[in-house]
Amino acid sequence: MEVVPAHLEYWMRAYYFDTEIDLSSSGVQNFSFGELRKLFNITPDDLDRIVLHDSRTLGDPELRRAIASRWANGNAERVMATNGSSEANYLVMNSLLEPGDEVVVLDPSYQQLYSIGRTIGCKVKHWRLRFENSFRPDLGEARRVIGPQTRMIVVNFPHNPTGASLLPAEFDELLELAAGAGAYLVWDAAFAEVCYDSPVLTDPGERYDRAITLGTLSKAYGLPGLRVGWCLAAPDVLERLVRLRDYTTLHLSPLVEYVATRAIENADLLLKPRLAQARHNLQLLLSWVDRHSEFVSMVRPQGGVCVFVRLHNVDDVEDFCRRLAHDYSVLLIPGTSFGYANHVRLGFGCSTTELTEALSRLSEHFHTYRKSNKSAVAV
Ligand SMILES: Cc1ncc(COP(=O)(O)O)c(C=O)c1O
């Protein structure tokens, strides 16, 4: 088995810990444990009572109930708690796919969503989101790529990195397409509750028994370091994931499960201020993009806190991002991490102060970069 390197993770390893401002993240501003303790009223006694025993393979029952009551219509039977949604994704694909299976995946996409299938030896087909089409998902194209041979459809809405989403009627149509093909629909809902103009799209599992919904505390709730995600699926699918988990992570830590349960029971306390901040930041970003139209263009996102910004006149986007990191200590993800050379992923979920400072450094970088490129040409 040849594992394809995850480009974005390599980029993060190289720059995340050595830059001052992260303008790349797909998640909202992170919370500290101290903030959580105050918000949820967690006392030292609460923590002292936690016994660090082995936990249950599908997750602690209270955690599963909390996840179910917020995201799975109360149906805890359909819940498996995972170490981030990346584990859920890994277990799902490795449990349900075989070499030669046809998998339809959005393009661009978070790399994991197509690379795992490729590593398994699946035939990966793309459903393209096009800048020229304002990244609107084209259901006509979906109809052309999804067919009776399709074993799995993998989508993520609101979408990383474009912020695109589906209208409810399009969501229904996608479910019909999946059902027509008899395909699993992996519905990566990492950014589900961060929506601006369109309604939140809920777990399709109630309507389609081969739907598998992935969720996480990493993005909308500001807790990526807690490493808690989940998979909502039919119990027979979860049973297949358990078989694989028995050889990998076994379960979550009871300490993590306790904090995650409290976070989910109080999810609005995390979500509301970050969503308000994201809306405000988005306005700042849109007006910055207006003022920098000679350098960039961007499609207004429907949800999530990142955008896929198109760069004008930048030949080598990795060099551009590398110099931004070295000279201005600002982190952006080059579009090459998603297979697109002339784009960057820009995250606006950080604090407003950080966003303002990072955009001002980015302006400077654009001007200096243009000058240095011109003088290089002159030489
Ligand atoms: C679309 C999408 N799905 C899943 C993940 C995995 O996140 P985590 O494992 O932190 O839940 C990410 C992380 O960036 C993502 O962007």
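Read the numbers this way: they start at 1 and go in the same order the structure lists the ligands and their atoms.
Closest to atom 14 (O) of ligand 1 by heavy atom, among K219, R227, M12, is K219. Here the shortest heavy-atom distance to atom 7 (O) of ligand 1, taken over G27, A88, S26, S85, belongs to S85.
Both the sub-6.0 Å distance and the 45° axial angle are not jointly satisfied by R49 relative to the ring of Y258. Annotation: cation-pi geometry satisfied between R310 and F131 (NZ/CZ under 6.0 angstrom from ring centroid, within 45° of ring axis). Cation-pi geometry between R210 and Y208 is not met at under 6.0 angstrom from the ring centre and within 45 degrees of the axis.
Counting the atoms of ligand 1 from 1 in the order shown, those under 4.0 Å from a heavy atom of T216 are 8 (P), 11 (O). Per-residue contacts place F191 under 4.0 angstrom from the following atoms of ligand 1 (heavy atoms of the residue considered): 1 (C), 16 (O). The G84 neighbourhood of ligand 1 comprises atoms 9 (O), 11 (O), with distances under 4.0 Å to a heavy atom of that residue. Near N156, with a cut-off below 4.0 Å to any heavy atom, the atoms of ligand 1 are 1 (C).
With a heavy-atom cut-off of 4.0 Å, S86 touches ligand 1 through backbone and side chain alike. With a 4.0 Å cut-off on non-hydrogen atoms, E87 does not touch ligand 1 at all. Heavy atoms of Q112 found under 4.0 angstrom from ligand 1: none, in either backbone or side chain.
Some N or O of D188 is nearer than 3.5 Å to an N or O of ligand 1, by distance alone.
No hydrogens or angles considered: a donor-acceptor pair under 3.5 Å links the side chains of S372 and R323. Between the side chains of R65 and T261, not a single donor N or O lies within less than 3.5 Å of an accepting N or O.
Residue contact check for ligand 1: H159 places no non-hydrogen atom closer than 4.0 Å to it.
Considering only non-hydrogen protein atoms, atom 5 (C) of ligand 1 sits nearest to Y110 CE2, 3.5 Å. Looking only at heavy atoms of the protein, atom 16 (O) of ligand 1 is closest to N160 ND2, 2.7 Å.
Between L63 and W230, the closest side-chain pair of non-hydrogen atoms is not below 4.5 Å. R274 has its side chain out of reach of V305: every pair of non-hydrogen atoms, C-beta onward, lies at least 4.5 Å apart.
At a threshold of 4.0 Å, the pair D236-R240 does not count as salt-bridged, since none of the basic side-chain nitrogens sits closer than that to a carboxylate oxygen.
L232 and V79 get closest at one heavy-atom pair: CD2-CG2, 3.7 Å.
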